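All remarks here apply to the structure that follows.
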Amino acid sequence: MENTTPADDRNAPRPARRRFLREAAGVAGGAGLLALGVGLYARQASALPASALRPPGALPEADFLAACVRCGLCVRDCPYGTLKLAELGDGIATGTPYFNARSVPCEMCEDIPCVPACPTGALDRALTDIEQARMGLAVLIDQETCLNFLGLRCDVCYRVCPVIDKAITLEMSHNPRSDRHAMFLPTVHSDHCTGCGKCEQACVLPGEAAIKVLPIQLAKGSTAEHYRKGWVEREAHGRSLIGEQVELPVRGMEGQAYGDTRLRPDAAPQGAETAPYAPGGLDSGWKP
Amino acid sequence: MSAQANMSPSARAARRAAARPGAEAVEEKGWLRAHKWLLARRLSQLGILALFLAGPWFGLWIVQGNLSSSLTLDVLPLTDPFLLAQSLAAGHPPYREALLGGGIVLAFYLLVGGRVFCSWVCPVNMVTDAAAWLRRRLGLKGGKVPHAHTRHWLLAFVLVAAALTGSLAWEWVNPVSMFHRGLIFGFGLSWGVVLGIFLYDLLIAPRGWCGHVCPMGAAYGLLGRTALARVSAGGRARCDDCMDCFAVCPEPQVIRPALKAAGQDHPLILDRNCTTCGRCVDVCSKDVFRITTRFDRSES
């Protein structure tokens, strides 16, 4: 600025321009830092706690956080007071709807009023049949405290299930402790469980439930697609893909078909006239 | 230097006016007329809040939802365009309801003036007005006001943050939507954020939040170019430089062009950051200002 020449009307605004640039840089930097902080905070905190379940029809969490404007219209249309909006400090994206299955589960209304209430599509209107909802997946998470696993007959989670006998079945198996009784093990089937949380809410244990609804990605393993299931392939191809097995004799079982290792093949299980040999365990189709 | 020398008489007047702007107007016009627009605004702010609260408090479901998105009488959808813009930036195409609701709100504020939202609807306005009032009464001076364009930069970064995180990042902390939602759905720790804004405006930056930082206000400010409702300094011939209007205005920079014919010759305040709050109308004992339309350039 010392070298100003007479022809310098044009140079006059330069200090102002310089100050403006400096201020603009400062402001942009400050605002950028603030926005960066907010963005990082949002990103870090966007992991939904496992106990917080989204309403039926909610988009996958990442899409949901882009779509939900936190208006609470779904909360208003929930007739059972199930849904709440997260408050600052809840550890859930502020203002987004969720429910806690242990306190108030989803009652699975047939008309699903919360879904059409959503103005943005964060709750997907493609969901019209509540039994197709997948809010989570129930998991019998504690076999040490579950009364049925202790050999008692509680059955409450099974009885309250709105998709009873499909989403939860009771599977009979031998009780090795008494060696003369049966155990009826509540078993969840992911192709029918909607994650409504009625079972978790109803679990009779005093504090935490033995059966809990978890986010599906926590509850399920991924399918072992690189394994061929021999029995499926045999069904599909009409023969075993690895050819016939060499049949080695088994001492003491020479009279039985190859692979039949039952000691007394003629002794039918009690009360099983219709099905001479029904294996116990999961998916037996047994009803109480 | 010369500018500062020129300013000093008015600066002295500003100091006199600073503690109780409008005292003269109350004497001249009576308390009620000197608070006419303030009362109307409080009625509007509280009335809108009451419409939202009538449902959860008394079971009278006139309006459901909150300012982010709402449904009135089960037919009229309204959605905040600022939230919609964030959602679009985050990569979600919303349903028609939200777009329709956003369009209605957008059209309304384009018509009456974007920042009418700030002074007539936004609940945070009552918090920052209270901070400004207390600041004047306590005679607190100075403070560090952020640059006037902070809000515009922040608005840009809010949208960038939404695009980068793929979520409504600003809504984790947005005190405006948080306050309104808190009043209707429950606060949690949001009280702290509202208290923070109050203390920021009171102790650190006079008119800091609404006037310099809030990106939501900045977004509504962008809708102010075509505002029909405008304040006119039509009686500027009567102005006695008492500075009350400057002391009370939340965006004092908008007054000067109209009142002092600086850079324009008509008396209309056309700056898009004027919130049309009408406080200048109230506190002026000489009836210099009036709220009128943008076509009314008459002087009286």
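All values derive from a computational prediction rather than experimental measurement. Naming convention: chains lettered A, B, ... in sequence-line order (proteins, then strands); numbering from 1 in each chain.
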Segment of [X] engaging chain A (4.5 angstrom heavy-atom cut-off):
X      : answer
B:W61  : side chain
B:S70  : backbone
B:I184 : both
B:P93  : backbone

Atom [atom1] of [X] and atom [atom2] of [Y]: how far apart are they, to the nearest 0.5 Å?
X     : Y      : atom1 : atom2 : value
A:R70 : B:D80  : CZ    : CG    : 13.0 Å
A:E87 : B:M178 : CD    : CE    : 11.0 Å
B:N66 : A:L85  : CG    : CG    : 7.5 Å
B:L71 : A:C71  : CG    : SG    : 9.5 Å

Does a side-chain heavy-atom distance below 4.5 Å link [X] with [Y]?
X      : Y      : result
A:P119 : B:P77  : no
A:L59  : B:H92  : yes
B:E171 : A:T94  : no
A:D124 : B:Y95  : yes
A:L88  : B:V193 : yes

Count the heavy atoms of every other residue, nucleotide or ligand shown that sit under 6.0 Å from [atom1] of [X], and state whether that count exceeds 12.
X      : atom1 : result
B:R96  : CZ    : no
A:K166 : NZ    : no
B:H149 : NE2   : no
B:Q253 : CD    : yes

Using a 6.0 Å distance limit plus a 45 degree cone around the ring axis, check whether A:R76 lies over the aromatic ring of B:F185. yes
Bottom line for A:A62: the part with an atom under 4.5 Å from chain B's heavy atoms is backbone
Below 4.5 Å from any heavy atom of chain B, which atoms of A:C74 appear? Answer side chain, backbone, both or neither.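 Neither part.
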Partner of B:S167 by side chain to side chain contact (heavy atoms under 4.5 Å, CB included), out of A:D63, A:T96, A:L65: A:L65
Between [X] and [Y], what is the shortest heavy-atom contact and its length?
X      : Y     : value
B:S87  : A:A66 : OG-O, 2.7 Å
A:T120 : B:A98 : CG2-CB, 3.9 Å
B:L168 : A:C68 : CD1-O, 3.1 Å

Show, in sequence, the C-alpha distance, side-chain angles and deciding distance for B:Q64 and A:D77, and conclude whether the side-chain contact (heavy atoms from CB on, under 4.5 Å) test is met. CA-CA 9 Å; B:Q64 293 183 31; A:D77 278 15; 3.1 Å; yes
